[in-house]
Amino acid sequence: MAIKRYNPNFVEKKWQSIWEQSGIFQTKNDDSRRKYYVLEMFPYPSGRIHMGHVRNYSMGDVVARFKRACGFNVLHPMGWDAFGLPAENAALRNKLHPKEWTYRNISIMREQLKSLGFSLDWSREFATCDVDYYHHQQLLFLDMYEKGLIFRKKSKVNWDPVEQTVLANEQVIDGCGWRSGAQVERRELTQWFFRISDYSEDLLRGLDRLDQWPDKVRLMQRNWIGKSDGLFVRWQLADTGLSVTFREIEVYTTRPDTIFGAAFIAIAVDHPLAKELARKDKVIEDFIEECNRGGISAIILEKSEPKGVKSGLFVIHPFNESWRLPVYIANFVLMEYGSGAIFGCPAHNQYDLDFSNKYGLPVNPVVLPTGASPSDFLIRNTAYVKDGFLVNSFFLNGLTVKEACSEVRNRLENKIVEGRPQARRSIQFRLRDWSISRQRYWGCPIPIIFCKHCGVVPVPKSDLPVILPDDVTFDRPGNPLFFHEEWKGVQCPNCGDSACRETDTMDTFVDSSWYYARFVAPFENLKDVSIDHWLPIDQYIGGVEHAILHLLYARFFMRAMKKTGYTSLEEPFKGLLTQGMVMHETYRTSDGLWVSPLEISIQERNGNRCARLLSNGDIVEIRPVEKMSKSKRNVVDSSRILASYGADTIRWFMLSDSPPERDIIWSESGIEGAHRFVQRIWRLVIRAADVLRGPLSGSKTGAADDLAKLSHRTLKAVTDDIEKFAFNRVIAHLYNFVSTLSHFFHNEKLCDQEMRGVVRESLDFLIAMIAPIMPHLAEECNEILGGEQLIASSPWPVFDIALTIDDTMRMPVQINGKKCGDLVISRNADKSKIERAVLSLDFLISRLNGRIPKRIIIVPQRIINVVL
RNA sequence: GCGGACGUGGCGAAAUCGGUAUACGCAAAGCACUUAAAAUGCUUCGGUCAAUAACCUUGCGGGUUCAAGUCCCGCCGUCCGCACCA
């Protein structure tokens, strides 16, 4: 009888509708089983599900299905990170309202996800642009505002004068706006901030407890928070005849030991003193203006060389009244860090050295590496930044860097200048407060009203939500909300006079900072829900590209939600798996347009690859492999592959070769193999069902015992590896298992009742083990074999540990560390028994040739090494 | 520049605590079945070699060890994060 081919398109639809009707993936909050919350980072509804999504959600689904089988009450929801710039860009391009564009994409992508068979609780779905979602976000905002976690301040932004909008650093290309091409200005704007820096220390400490996070991510966050221990030191201004309101300059340093190597003081261009000087001095004014040109990123990216101007001021050295140092205004000093002023020590800081070399300032080494002699230790173009001993530093001479730091600190903390200590210790963080104001339409409105009498007035909670108006136009540059007079104009809730709404919306990172808490009970009032029942998330899965910002913001938000009484927890994500990116080559025409891989064909000639457009045969430039993104058009959509192979094959293939953390370059080679395997399992089960129904006769053979052992061993290995997220190894075990099972059916006549029991168990194990990855095939196979319960709601099988261990084992025998043969011996044999057995091995006797081995190393249950 | 990760067949990769290097898959080649193809099954597949013997082999050079892909030192290369953080 010819076996029909397995038809995934038909079978997958069938099981998807059975799952949906049975509601087994809808999670109840009142369930006595232990909870398990698994979440994959929710997608931005860009249009279609691509292979990166498939990889991410396949991993999450394996975990969800596995944990469900292990008896947990699993929460596995899905939503949409739906606010953001691309919707507005699409609106401009296609004359389609951002809302319409977004919801249309969501419905397409929802269907795509459903056809991939993910075990998601769709009853909890929401989009961040749903009014209900951002209503709660506005409530959260007001609660945080009450608790002092939100404030306004002036801050430097990239301003595009043509678009009349603020640009992110990534949108500034060579100092010009990415769309308008106009030169970007550095402007000061009053912006809303979250006080994340209040939690710098806490966010840093919390990392130590996140032991189920990758070390790499914890390190990245640690560096991002950037804690340093230093000293504020006040330097008194010397009398130069120049009249300024300042009497001193306070600098921040982490290297007070180098104070005798100081050559200059430098202050930031935004330093109040610099601004004061600029009012009187044209040269300084011009310099500051030059630094402000080209946006904030330009000044950072212009790493080429430090620049500065003399202020005309001098300071007095704290340890020597007669020592004067010049004060510069310099582009490389940041106002946002420390006090916006530094003392420069050229010998021991590379930037200070470059600056000194440029402006002819002295370079005096004060730290000497151990063993170096002062006469031949010269600093020219490379600063010495490592540890050593102090020289040329009076009372510090001979001390180590660490000792010298505390000596300087002690002395200056105890030296009173104008009624205050000259120095104070201070811990500084690199982490800055989180600016959330965006001059955009498609985001969550900030629930604030500006009144000319009452100032900043929060919208009363009873007046929420502040709904984003639909009737906006995109016919001119700038934020459409700003031009929407009707929406903007309100009565002040305080005094009743006419007032104005805040027209900025929130950064979309705010939306994704707490969505995981909303899934807990998406249609109830957040305040009334015990989010602590489900949180923290047991396993969070998403791309490494979110290792810093998203994860840090979410950690901050959890703390903010604790302070505002929503939770008692601080950390939202207990376990974290950062999955690698799915990459693809990019292709660009000679006109600089990006082309999709579907629009080209690639030929290989003499080892050179050449890409041509399918439409007209034009040569296309093959550009580097990059993360799949819409802008580079190298996205591979899942639906075409889904149509040809089915969901199970894609899921299996996405997880089969590489470990989850690794980046992969998308290639379809191999997907045929994955599909062959699907067909192979199908044939195996069809044949098995047939054989198991046949007449009984004959008796059990030893092969059955071997099969039982292999089944239990495989089950153990697969269970262990799923728990470690080693999906590629899970798949390798299953390939081996299926291959052995096939041989078994080929060679054995399954006529004995007991043997059939073993076979049946093996098949049940197999179906259970493939189910997390290939759930549809598992259900179909189970049905063929007469299983009555859905695999999706069946328990994970239990292996017998005794069957996973053999009584005898094969130990490799080495001579001088090289393998020469094996010794088959009982597993529990002791060293002396093993030694006797080894010495009687034929190949060893002939190699020894009468000699006596120097040593025999026996590692029980592992290896034997005979040293000659 | 600083911090981190990595380097194993033609390719994706495996090797858990220092203990049989190359599991599993892809690609390739051969055979069987077939009128033929597809599908399927079987076999081979790191290198040198006539060889199933022997030797070599985890980027390169050293070292520690009975034993090194794994640990240490020094190079070379690739990737990622931060980028004037005083």
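Here is how names work: the chains are called A, B, and so on, in the same order as the sequence lines, proteins then strands, and each is numbered from 1.
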All N/O contacts under 3.5 Å from nucleotides 79-82 of chain B to the protein, with atom names and distances to one decimal?
unit_1, atom_1, unit_2, atom_2, d
B:C82, O3', A:R430, NH1, 3.2

Between B:C85 (P) and A:H348 (NE2): distance, integer Å: 16 Å
Length of the line joining A:I664:CD1 and B:G12:P, which is rounded to integer Å: 12 Å
Short side-chain N/O contact to B:A86 OP1/OP2 from A:Y252, under 4.0 Å: no
Side-chain heavy atoms of A:K831 within contact of A:E835, under 4.5 Å: no
Output a table of nitrogen or oxygen pairs between the protein and nucleotides 41-48 of chain B separated by less than 3.5 Å.
unit_1, atom_1, unit_2, atom_2, d
B:G41, OP1, A:R680, NE, 3.4
B:C42, OP1, A:H743, NE2, 2.7

Secondary-structure stems for RNA chain B, with pairs counted as Watson-Crick or G-U when both distances are under 3.5 Å and runs at least 3 long: B:1-7 with B:76-82, B:10-12 with B:24-26, B:28-32 with B:40-44, B:46-48 with B:54-56, B:59-63 with B:71-75
Partners meeting side-chain contact (heavy atoms from CB on, under 4.5 Å) with A:N9 (sequence neighbours left out): A:N7
Test item: A:H675 and A:I671 side chains (from C-beta on) under 4.5 Å apart, heavy atoms: no
Distance, P atom - from B:C73 to B:C6, rounded to whole angstrom: 15 Å
Phosphate OP1/OP2 of B:C66: any A:R855 side-chain N/O under 4.0 Å: yes
Under 4.0 angstrom between A:N728 side-chain N/O and B:G12 OP1 or OP2: no
Plane angle bin for A:Y553 and A:W434 - parallel if under 30°, tilted between 30 and 60°, otherwise perpendicular: parallel
Salt-bridge criterion met for A:R222 and A:D208 (N-O under 4.0 Å): yes
Nearest-angstrom distance, C1' atom, B:U22 to B:A83: 40 Å
Phosphate OP1/OP2 of B:A14: any A:R662 side-chain N/O under 4.0 Å: yes
B:G25 OP1/OP2 closer than 4.0 Å to side-chain N/O of A:S656: no
Contacts of type side-chain hydrogen bond (donor to acceptor under 3.5 Å, both in side chains), residue A:S228, not counting sequence neighbours: A:Y337
Interatomic distance where CD1 belongs to A:I650 and P belongs to B:G25 [whole Å]: 21 Å
salt_bridge(A:E290, A:K307) N-O dist < 4.0 Å: yes
Residues A:N634 and A:T586: side-chain donor-acceptor under 3.5 angstrom: no
Separation between the P atoms of B:G46 and B:A36, rounded to whole Å: 32 Å
Integer-rounded Å distance: B:U40 P and A:R5 CZ: 6 Å
Whole angstrom value for the distance that separates P of B:U20 from CD of A:Q814: 7 Å
Between B:U40 (P) and A:Q679 (CD): distance, integer Å: 8 Å
Atom C1', compared across B:G47 and B:G10: separation rounded to whole Å: 14 Å
A:T714-A:H733 side chain donor-acceptor pair, cut-off 3.5 Å: no
Non-hydrogen side-chain atoms of A:I681 and A:Y6 separated by less than 4.5 Å: no
Short side-chain N/O contact to B:A86 OP1/OP2 from A:S228, under 4.0 Å: yes
Inter-nucleotide C1' distance (B:G41, B:U34), Å rounded: 13 Å
Atom pair distance, as rounded to whole Å: CD1 in A:I773 and P in B:C24: 17 Å
A:D830 and A:S832: side chain donor to acceptor below 3.5 Å: yes
Give me the distances for all protein-to-nucleotides 52-59 of chain B N/O pairs that come in under 3.5 Å?
unit_1, atom_1, unit_2, atom_2, d
B:C56, OP2, A:K818, NZ, 3.0

Rounded distance in Å between the P positions of B:G77 and B:C24: 36 Å
A:F232 side chain near A:T253 side chain, heavy-atom distance below 4.5 Å: no
Rounded distance (Å) that lies between atom C1' of B:G3 and atom CD of A:Q221: 15 Å
B:G9 versus B:A21 - spacing of their C1' atoms, nearest Å: 12 Å
CG on A:L715 to OG1 on A:T804, rounded to 0.5 Å: 10.0 Å
Donor-acceptor pair between A:R662 and A:Q579 side chains, under 3.5 angstrom: no
Side-chain touch A:L231/A:R424, heavy atoms, less than 4.5 angstrom: no
Rounded P spacing from B:C2 to B:C85 in Å: 12 Å
